Structure formats: C-alpha cells, structure tokens
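Single-structure report; data block below.
Keep in mind that what you see is a predicted model, and the values were worked out from it rather than measured. As the structure lists them, so they are numbered: ligands from 1, and atoms in each ligand from 1.
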Amino acid sequence: MSITKEGRSALKRWLLALAFVFILVGIYFAYPWLRTRGGRMARLREWFHDPASHVDWTIKAGERCGDAPFAMPSSGYIGFIWGDSFYPGHQHQGIDIFGGEQAGRTPVLAAFSGYLTRLSDWKSTIIIRIPSDPLDPGRQIWTYYTHMANKNGTSYISPDFPPGTNEKFAEAGTFLGYQGDYSGDPGNPVGVHLHFSIVMDDGRGGFSNELVYGNTIDPSPYLGLSLNASKNVAGVVTCVAQEGG
Ligand SMILES: [Zn+2]
C-alpha cells in the first residue's frame, strides 16, 4: 500500500498540529516553574548572600499585618509562596519562611488558636484544627507546620506536643518548635525553614492531604501578605494591608 502525495501532506499537517499542541502543553506546565526559577529563587539567593542588607524583606514571628486574622508563624524571609513551582507541573501548597539561622534556632509560633494534633509518626510536623475559618465563618480549616526536625529526624517540636498528641488546644502565639531542615532523606536535607500552609477539611471532620495543592487555600488574606504566586510574580512579599490594598 502506498500513501498518496495528498495523504502525505495531510499527515504532515497533522504531525505539525500535534507538535504544536505538545509545545503549548509543555509551556503551560513549565511556565510556573520557569517563573519561580527566574524570580523567587534568584531573590532567595540574593537574600541568603547578604541577609543583613535586606532586613526590610523579612517578617517577625507573632507580628500581624494590618487586621489580618493570622500572626506570622515564624521569623525570616518568605522565599517561596503559594503556587510557586519547584519542577514542571508542581505547585507549592504553602509558604516557606527561611530564618537564616542554623536548624533548631528560629522559633515557630501558632499563627491562630486551634486544636493541635501530631500523628505518632510525625517527626517534624504538627497540624492545628480551626473549627471556624475567621474569613469564612462556619467552615473548618487546618493549619499545617512542617520541617521542625533536623536532617536525621531529631524533632525540634516543643515537648508540650509529643508524637500522638491529639486535639490539644493551642492559643495563637503558642511556641510550637524550631525551624529545621528535615526532608526525610538525611543525605539531602532542605534549607532551614518553616513550611506553613492552610489545608481544607475533608468534609468528615478530618484534614485533607496537604501534599495536594488543590487541597490548600491561598494564605494571602489570612496573613495580610501578597502570597499568591500568580499575582505576586517575582516580587518580595509585602504587607498588603499597610499598602492600603
Ligand atoms: Zn514549602
């Protein structure tokens, strides 16, 4: 069987169209990642290089921006925000606050009052249930704090919250632990920071899987900061309330 000239050119057009679609899909998935690499990552490097000259880029634990309901859960530079991308197809579920100190030094405080749970196998993580969302009263949300252990898994979480802690009330400002570099792989620790996110309820009174971006909520209005990567493309995070925005 032979293919006619017309058939060949139709096939060519098809292949070209298909290639075009692949390229578009590729750009769609890679764009947030390229944006993060070029913007936020470059700025984080700049900050690491000379933290003292960029003190105005940092936040302080316990401070509040305007009349936002949440207080800052830790001190340092917010290197990555909600929706940043670390590899093509990935979207960051929360914010990363880099204290600029060694692991085990920079305190982590509860951003908002609630009921604290630490599962029995959680070395670096706690989650706090907030029965009524301050910005959407009546719905239950969760605040998730992680990387509070060293690279070997030695926990920096406060002894007040040992593994297996269930529904212990923690007031806003309660000391939770210290920033660490735990990643689960001792040979490949993360840079010392706190990862903080707001997680949706699973509808049955439990928390949904924090690793899924779609299960998390834009933290911007809760902290009063510009924390949405699709709106704050490469800029430093600022207090939106103080800008009158
Ligand atoms: Zn993170």
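Looking only at distances, a side-chain donor or acceptor of H147 sits under 3.5 Å from a matching main-chain atom of Y182.
For I59 against S74, the heavy-atom pair with the smallest separation is CD1-O, 3.5 Å.
For residues 196-205, the set of pairs meeting the salt bridge (Lys or Arg N to Asp or Glu O under 4.0 Å) definition, not counting sequence neighbours, comprises D202-R204.
Among the heteroatoms counted here (N, O or S) of H195, ND1 is the one nearest to the Zn ion (ligand 1).
Among the backbone and side-chain atoms of H147, none of the N, O or S atoms lies under 2.8 Å from the Zn ion (ligand 1).
Put simply, the angle at the Zn ion (ligand 1) from NE2 in H92 to OD1 in D96 is close to 100°, to the nearest 10°.
Residues satisfying the side-chain contact (heavy atoms from CB on, under 4.5 Å) test with N209, not counting sequence neighbours, are L211, V212, N215.
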